[in-house]
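Below is one structure, written out as structure tokens; the observations come after it.
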Amino acid sequence: MSIQKPKGTQDLLPGVVEKWQYIEEKARDICARFNYKEIRSPIFENTELFQRGVGETTDIVEKEMYTFLDKGDRSMSLRPEGTAGVVRAYVENKLYGEPDIAKLYYIGPMFRYEQPQAGRYRQFHQFGIEAFGSTDPSLDAEVIAMGYLFYKELGLQGVRVEINSVGNPSCRSVYREELQKFFAPVKDQLCKDCQSRYDRNPMRILDCKKDQAHGVGAPSILDFLDEECSTHFEKVQRHLTDMGIEYEINPRMVRGLDYYTHTAFEYKCAGIGAIDTISGGGRYNGLVEQIGGDDQPGVGFGLGLERVLLVLEAQAVAIPAGRPLDAYMIGMGEQAEAEVAKLLFRLRAAGLTAEKDYQGRKMKAQMKSADRMQARFVAIIGDEELAQGVIALKNMATGEQVKVTFEEMVTALSDK
RNA sequence: GCGGUCGUGGCGAAGGGGUUAACGCAUCGGUCUGUGGCUCCGACAUUCGUGGGUUCAAGUCCCAUCGAUCGCCCCA
């Protein structure tokens with residue numbers, strides 16, 4: 001067997017790649033309207049960045065990173081998510097010194113060594129935004145609203161917004177202890193997974209899919225928020241309501257990255273097998289400092305593009321087709337073929353999309369080819385046309401055929 | 001890391017131990033010596049993911065391995 005693509009990766013071939021371009025275009029457009037600027041950071045970083053940024057105890061860092069030693073014995077990792085690298089770039093380039101807050105976005109591949117399944121790949125793509133430098137709840141709400149609008153403008157139906165507040169590190173640690181106290185007496189009745197969650201991350205027990213009953217009567221994080229955290233959370237909600245964004249509060253929501261503070265949110269939608277979360281994000285006020293910068297707050301989302309595609313497909317949302325072919329040129333005979341090559345270049349230089357045959361096929365086969373490519377016109381040159389200095393233009397939709405001079409060709413093709 | 005299902009031409013798909021590997025679509029050629037979407041005719045897998053084993057005989061049975069797919073953990 002010849003070499004195959006690495007497990008969990010995809011070749012995006014012509015026919016599909018146009019969908020990606022369309023989605024990326026939509027992302028860039030919405031970023032422009034919200035005034036987010038693109039940032040391109042490396043696809044690999046020092047491993048330590050992710051250990052510190054994403055969190056040593058997260059599954060991502062513990063078992064899902066593509067880590068390797070480079071030739072200088074430095075430990076490098078392919079980025080498993082987008083935020084850490086952007087934060088690093090923000091700090092390294094001292095963007096906090098700018099007068100306005102930094103509103104950045106990225107689109108690109110991320111890598112996690114996981115077992116692939118529906119909506120999950122080892123190389124996947126995210127469109128994400130990060131806004132640094134403000135704790136204003138209206139910024140949290142803006143980020144949430146922007147993701148929502150992105151899905152809406154793509155034509156996705158049934159996207160739900162769930163929000164939660166995970167508080168700050170101090171209210172969270174109190175809550176964590178309370179949760180462990182709550183579960184301690186029933187620990188051995190919990191499912192196997194939840195027993196291991198008990199120590200690692202008791203909040204996940206609430207999110208257990210096997211047994212929703214686990215969390216009945218359990219304390220809610222929202223009751224442990226301090227003054228500042230609950231005020232922030234209330235203001236975020238008010239802003240969302242003012243913008244007309246519908247949301248649900250899910251006090252059981254837990255995110256997979258350690259860095260979140262205050263607002264955490266997810267977008268959910270059916271259509272990708274067992275997975276319903278299509279993206280998520282939140283505020284991360286301690287992260288910039290943890291990466292070695294000033295104490296600058298941040299908030300953002302990371303949105304899975306494969307999941308967007310899958311839901312678009314599940315909902316059969318039409319995606320605009322790529323650019324059609326204006327003309328397919330056919331030359332009969334050596335001299336005519338040379339003329340075709342020349343005119344083809346002229347058409348292309350004039351901004352038209354044009355194609356010819358390169359396999360020496362019969363005219364009939366070339367016509368079929370033009371039909372397959374959905375060419376609007378077929379331009380034919382044979383001995384007769386050559387002698388008259390004209391070209392036969394056939395409209396493939398109507399079947400009409402007219403003769404035009406070489407000079408008239410470009411305009412004839414342009415305005416139809 | 002664990003579990004289920006699957007792996008036959010460019011694509012879809014039959015064949016479940018016996019010697020020439022159905023069929024459909026697509027493609028190419030002809031019918032139509034220079035005109036597509038229709039018809040009819042013809043061509044198109046020394047080979048069944050890979051490696052090993054069982055057998056007189058293996059796409060067909062067994063083992064391993066790789067991959068796809070779905071699910072668990074976790075996540076986008």
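Taking atom P on both B/C61 and B/G71, the two are 28 Å apart, rounded to the nearest angstrom. Comparing B/A22 with B/G15, their P atoms are spaced 14 Å from each other, to the whole Å.
With a cut-off of 3.5 Å on both pairing distances, the Watson-Crick or G-U wobble partner of B/A43 is B/U27. Shown here, B/G1 forms a base pair with B/C72; the pair counts as Watson-Crick or G-U wobble because both key distances fall under 3.5 Å. Under the Watson-Crick or G-U wobble criterion, with both distances below 3.5 Å, B/U55 is left unpaired in every strand shown. Using the Watson-Crick or G-U wobble rule with both distances under 3.5 Å, B/A13 pairs with nothing in any strand shown. Taking a pair to require two hydrogen-bonding distances under 3.5 Å in either a Watson-Crick or a G-U wobble arrangement, B/G67 pairs with B/C6.
Taking OH from A/Tyr328 and OG1 from A/Thr353, the interatomic distance works out to 13.5 Å, rounded to the nearest 0.5 Å.
Between A/Lys403 and A/Glu384, at least one side-chain nitrogen of the basic residue sits less than 4.0 Å from a carboxylate oxygen of the acidic one, meeting the salt-bridge criterion. Using a 4.0 Å cut-off between a side-chain N of Lys or Arg and a carboxylate O of Asp or Glu, A/Arg28 and A/Glu24 do not qualify as a salt bridge.
Judged by closest nucleotide on RNA chain B, A/Lys5 is the one of A/Lys5 and A/Leu303 placed further toward the 5' end. Of the two residues near RNA chain B, A/Ile380 and A/Lys368, the one whose nearest nucleotide lies more 5' is A/Ile380.
Across the protein-nucleic acid pair, A/Glu64 atom CD and B/C72 atom P stand 15 Å apart, rounded to whole Å. Between A/Ile3 atom CD1 and B/U65 atom P the separation is 21 Å, expressed in whole Å.
Out of B/G36, B/C70, B/C75, the shortest distance to the side chain of A/Asp371 is found at B/G36. Among the nucleotides B/U35, B/C66, B/G36, the one closest to any side-chain atom of A/Met363 is B/U35. With B/G71, B/G30, B/A76 as the candidates, the nucleotide lying closest to the side chain of A/Gln115 is B/G71. Which of B/G67, B/G36, B/A76 sits closest to the side chain of A/Gln4 comes down to B/G67. For A/Arg112, the listed nucleotide lying nearest its side chain is B/A76; candidates were B/A76, B/G29, B/C70.
Base contact: A/Glu385 has a heavy atom under 4.0 Å from a base atom. If you check every strand for non-hydrogen atoms under 4.0 Å, A/Leu257 touches sugar and phosphate atoms only. Counting any heavy atom pair closer than 4.0 Å across all strands shown, A/Ile60 reaches no nucleic acid atom. If you check every strand for non-hydrogen atoms under 4.0 Å, A/Gly119 touches a base.
Within 3.5 Å, a donor on the side chain of A/Gln401 pairs with an acceptor on the base of B/U35, or the reverse. Judged by atom type and distance alone, A/Arg120 does not reach the base of B/C70 through any side-chain donor-acceptor pair under 3.5 Å. You won't find any donor-acceptor pair under 3.5 Å spanning the side chain of A/Glu114 and the base of B/G1, going by distance alone. Counting distance only, with no hydrogens placed and no angle test, the side-chain atoms of A/Lys364 and the base atoms of B/G36 include no donor-acceptor pair under 3.5 Å.
Contact annotation: A/Arg361 reaches the phosphate of B/C28 (side-chain N/O to OP1 or OP2, under 4.0 Å). At least one side-chain nitrogen or oxygen of A/Arg372 sits closer than 4.0 Å to the OP1 or OP2 atom of B/C28.
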Salt bridge (Lys or Arg N to Asp or Glu O under 4.0 Å) between A/Glu81 and A/Arg79, intermediate numbers included: CA-CA 6 Å; A/Glu81 56 95 55; A/Arg79 62 184 187 195; over 6 Å; no
Pair A/Asn168-A/Thr261, side chain to side chain donor-acceptor pair (under 3.5 Å): steps then yes or no: CA-CA 5 Å; A/Asn168 57 35; A/Thr261 57; over 6 Å; no
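Taking the six-membered ring for Trp and thresholds of 30 and 60 degrees, A/Tyr284 and A/Tyr259 have ring planes more than 60 degrees apart, a perpendicular arrangement.
Base orientation of B/G34: anti, since the glycosidic angle falls outside 90° of 0. In this structure, B/G9 is classed as anti because its glycosidic torsion departs from zero by more than 90°.
Under the 6.0 Å distance and 45° angle rule, A/Arg160 does not count as a cation-pi partner of A/Tyr267.
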